[in-house]
Amino acid sequence: MRLLNTVTCDIVEYISDDGVPKYAILSHTWGDHEISLIEWQNRHSLPIGSESTQGAAKVSACCQLAAASGLEWVWIDTCCIDKSSSAELSEAINSMFRWYKNAAVCYAYLSDVESASQQSEEARKGISKSRWFTRGWTLQELLAPKEVIFYSKDWQPLGTKADFAHMISSITRIGRKFLDGESLELASIAQKMSWAADRQTTRSEDRAYCLLGIFDINMPLLYGERYRAFQRLQEVLLTTYPEDHSLYAWGRIVNGFPDIPPDIMFGTNPIPWSPPEPENSLYGMLASSPADFIESYNIVACRTAAQDFYHRASYDAELPRLARRGAIRLQLPMDEPTHMIHHFTDMPIAQIRKVFTLLLLCQYDDPTKHIGRFFVRVTLADASKYSRVGPLVYVSDTGKPYLDYFEQFQNNALRPRTTLAPEPRFSFQPGDIVFRRTVCSPESDTRPAWIRYPPPFEFSFKEGHGVLRPEFASDKERDEFYFMQCFNADAAGSQDIPVLSVSLTREKHPATGELCVKFEVFVPKAGSAAGTGSKSDHEVVAWVSRNRVVYYSFSPLCDSAGVMRPEGYSWVVDERPRPRIFIQVERFEISTGATRGFIDAVDIVVGPRGIGDIVGRKGVNRLGRTTRGLLGVGHFVRRVGAALR
């Protein structure tokens, strides 16, 4: 640590803190003409009126102020650090909070505030609008020192941190108790991040580095890594304070879980698409900048609940840890799953995805709100990872204490350890089949079970994206992709009875050789064992190719239209007393470089019998029970959808 003598203006270096004398310290915002260590040591040779002499004037004024207060030494960041040495700069930044904390007094020089009477309303207004409160480095310079005195541009005293504590708290979101000297160890990660949310730094890396002392951590400085520095900061916080879930309590806060309207969730129209909002992108669990915590200034960690959850042997819960760069391994209590609408970026397709709800062990720093709970929602991003989606959810009264969530976690045989990371890059390719909506309506009294049969090396399922990607071998004419069975939702726990099944394949038509999407819908025979997939007496098969649709049951039957229109097709199969099943295919053209092709968007909705009200509208043709080739299937309906090229 180097100190500047306020009388001789010489700089002396101290190797350890033990021999450091009493000193004052300067806090200020940097201008364009600050003086460096080398320039200060050679100040007598500087030309009169040079730009560096302007910075030297600030240093001289600070020395005079300290000397007048009886202090022989002062520390000023511009001329007491050799910034040409990366090692010294790194050591200084990692030590700076301690240096400000140990100072006898901190002079906060506000170069944009006019002189005013001490503690006056004019002084208060001037200080509140100062640029000093918008800079990243001045945050620790406000919090660390025991005493901070504010000075105007003419070096006239305006008042102290204690004098303006209420005003400072209101404009910085810093709790009054921390301005009054309470240990920062009692502030949560989210609170400290929120204090820096709207502060700026010249170098993007410094948005992270200026917070090291506030979090009482150290890490190497790597200028040039840009926003990766803030990710590294959070990774260090994760390992240092693994029980503080407020690290994940960022983003816009909403009250209650967002709902998907039933007419979209279980409807038959394509899900409305719009360009995705940044908030609805799929993120990891770590924030992108301190600005993400701007609403989290009063969220604190539930230390007692975290201690109970992670350290009670019967729960056997694993502390959060870093899985790899940008990915976190978490084991958290889960609430009931919900759903979300995901909007793809490269195609006008919206998709319903299942969302899992994770409980965060944090709460508002307000005794009247302690009963509330915070949740984050995650969805499958690929075969092994989940991504966070949407805002932070606050439920004011779940009616469920933490202990109930912990017991539910304990009784879960899987006790899932979830890896959360940003969504991998994804783009559609010609031939893809995307599942837009595959749901069972609650009124259908069924629940779905999914079985996939991917032939080796010929097929890949893009887990999380709900996309099937065929990879045909030259000697193969079909790929069996997806098999869906619907079972009775029997609360009594009796043996599952399959109600109906849907098989989806990408297959070459036996007559034309065209690549089709083929659906088979069949009801298992009476007495069939659950899960055997044995076919029934009633079977419907629908072929969808680029230019032809064929329906058949046991024997082919050409559609009277003969040609598939580009708008797509939908069908409703009604087999009394079974639930109705709605199937829709919509085709989209796609180009990837010189390759042109198509992708198919698929909806499968198992619903109550009331779905027939939707089927009967304009544009839907009914095929009766006696239609040739359907052999007893109740109603089989085709509808031409809205035109989309």
Side-chain angles (χ1 to χ4, degrees), residues 4 6 9 23-36 39-40 43 46 48-71 74-80 96 100 103-174 176 178-180 195-202 206 210:
L4 181 64
T6 59
C9 293
Y23 62 92
I25 200 164
L26 178 66
S27 173
H28 64 115
T29 57
W30 279 42
D32 296 330
H33 311 303
E34 302 296 342
I35 191 168
S36 68
E39 289 173 330
W40 180 260
R43 63 190 179 280
L46 292 174
I48 297 176
S50 68
E51 292 180 345
S52 296
T53 60
Q54 298 177 35
K58 185 192 297 186
V59 174
S60 297
C62 182
C63 288
Q64 294 172 17
L65 182 61
S69 301
L71 293 169
V74 68
W75 186 89
I76 303 174
D77 56 356
T78 55
C79 61
C80 291
M96 205 172 291
Y100 275 90
V105 63
C106 175
Y107 303 137
Y109 174 64
L110 310 181
S111 60
D112 55 352
V113 177
E114 300 290 340
S115 298
S117 300
Q118 291 193 53
Q119 304 178 36
S120 66
E121 184 62 25
E122 184 181 359
R124 187 183 309 274
K125 288 181 179 179
I127 291 173
S128 67
K129 297 177 181 178
S130 176
R131 179 172 174 264
W132 189 85
F133 284 103
T134 69
R135 307 305 296 170
W137 289 106
T138 57
L139 176 60
Q140 67 175 0
E141 297 163 13
L142 169 67
L143 291 167
K146 301 178 184 69
E147 182 180 12
V148 178
I149 304 175
F150 295 102
Y151 287 86
S152 69
K153 61 189 299 183
D154 299 323
W155 289 95
Q156 298 301 308
L158 300 170
T160 67
K161 176 171 67 172
D163 295 333
F164 299 117
H166 180 74
M167 177 268 293
I168 294 173
S169 177
S170 66
I171 65 175
T172 62
R173 296 181 296 277
I174 301 173
R176 175 69 182 268
F178 299 113
L179 293 173
D180 291 341
W195 302 341
D198 47 13
R199 291 175 179 258
Q200 302 299 319
T201 57
T202 303
D206 285 338
C210 72

Open item on the list: Is any side-chain heavy atom of Thr78 closer than 4.5 Å to one of His28?
Closed with: yes
Open item on the list: For the residue pair Ser111 / Arg131, report whether a side-chain donor-acceptor contact shorter than 3.5 Å exists.
Closed with: no
Task: Carboxylate-amine/guanidinium proximity below 4.0 Å for Lys161 and Glu147 - done: no
TODO: Hey, could you give me the CG/OG1 distance between Leu139 and Thr134, rounded to the nearest 0.5 Å?
DONE: 11.5 Å
TODO: Given side-chain contact (heavy atoms from CB on, under 4.5 Å), test Arg43 with Cys9 step by step and report yes or no.
DONE: CA-CA 10 Å; Arg43 63 190 179 280; Cys9 293; 3.4 Å; yes
Open item on the list: Rounded at 0.5 Å granularity, tell me how far CD1 in Ile149 sits from CG in Leu158.
Closed with: 11.0 Å
Task: With sequence neighbours excluded, residues passing ring-ring contact (aromatic ring centres under 6.0 Å, His included) with Phe178 - done: Trp195
Open item on the list: Tell me the closest heavy-atom pair linking Gln140 and Pro145, and the distance in Å.
Closed with: O-CD, 3.8 Å
Open item on the list: A side-chain contact here means heavy atoms from C-beta on lying under 4.5 Å apart; do Leu71 and Thr6 qualify?
Closed with: no
- [ ] Step by step, work out the side-chain contact (heavy atoms from CB on, under 4.5 Å) result for Val59 and Val74.
- [x] CA-CA 10 Å; Val59 174; Val74 68; over 6 Å; no
TODO: Determine the minimum heavy-atom distance between Phe164 and Gly159, stating which atoms define it.
DONE: CE1-CA, 3.6 Å
Task: Set of residues satisfying ring-ring contact (aromatic ring centres under 6.0 Å, His included) with respect to Tyr109, sequence neighbours excluded - done: Trp155
- [ ] Would you please say whether a donor-acceptor pair under 3.5 Å links the side chains of Arg135 and Thr29?
- [x] no
Open item on the list: Do Thr202 and Asp206 make a side-chain contact, defined as non-hydrogen atoms from C-beta onward lying under 4.5 Å apart?
Closed with: no
Open item on the list: Tell me if a side-chain donor or acceptor on Ser128 pairs with a main-chain N or O of Lys125 at a distance below 3.5 Å.
Closed with: yes
Task: Distance-minimising heavy-atom pair for Ala123 and Ser117 - done: CB-O, 3.5 Å
Open item on the list: To the closest 0.5 Å, what do you measure between CG (Leu26) and CG (Asp77)?
Closed with: 7.0 Å
Open item on the list: Looking at every non-hydrogen atom in both residues, tell me the closest pair between Ile35 and Ala56 and how far apart they are.
Closed with: CD1-CB, 3.8 Å
- [ ] Heavy atoms only: give me the nearest Ser115-Ser152 pair and the separation to one decimal.
- [x] OG-OG, 2.9 Å
Task: Closest non-hydrogen atom pair between Ala116 and Ser120, with its separation - done: CB-OG, 3.9 Å
Open item on the list: Is there a side-chain contact between Ile76 and Glu34 in this structure, where contact means two heavy atoms from C-beta onward sitting under 4.5 Å apart?
Closed with: no
- [ ] Hey, could you give me the CZ/NE2 distance between Arg124 and His166, rounded to the nearest 0.5 Å?
- [x] 8.5 Å
- [ ] First locate atom CG of Leu110, then atom CG of Asp154, and finally report the distance between them rounded to the nearest 0.5 Å.
- [x] 12.0 Å
TODO: Mind checking the CG-CD1 spacing from Leu4 to Ile25? Nearest 0.5 Å is all I need.
DONE: 12.0 Å
- [ ] Only pairs at least two apart or in different chains count here, so list each ring-ring contact (aromatic ring centres under 6.0 Å, His included) that has a residue in residues 110-142.
- [x] Trp132-Phe150
Open item on the list: Ignoring hydrogens and geometry beyond distance, is a side-chain donor-acceptor pair present between Glu141 and Ser27 at under 3.5 Å?
Closed with: yes
Open item on the list: Closer than 3.5 angstrom, by distance alone: can the side chain of Ser69 be matched with the main-chain N or O of Leu65 as a donor-acceptor pair?
Closed with: yes
- [ ] Taking Trp40 for its side chain and Cys80 for its backbone only, find out whether a donor-acceptor pair lies under 3.5 Å.
- [x] no
Open item on the list: Would the distance check show the side chain of Ser169 and the main-chain N or O of Ile174 forming a donor-acceptor pair, the cut-off being under 3.5 Å?
Closed with: yes
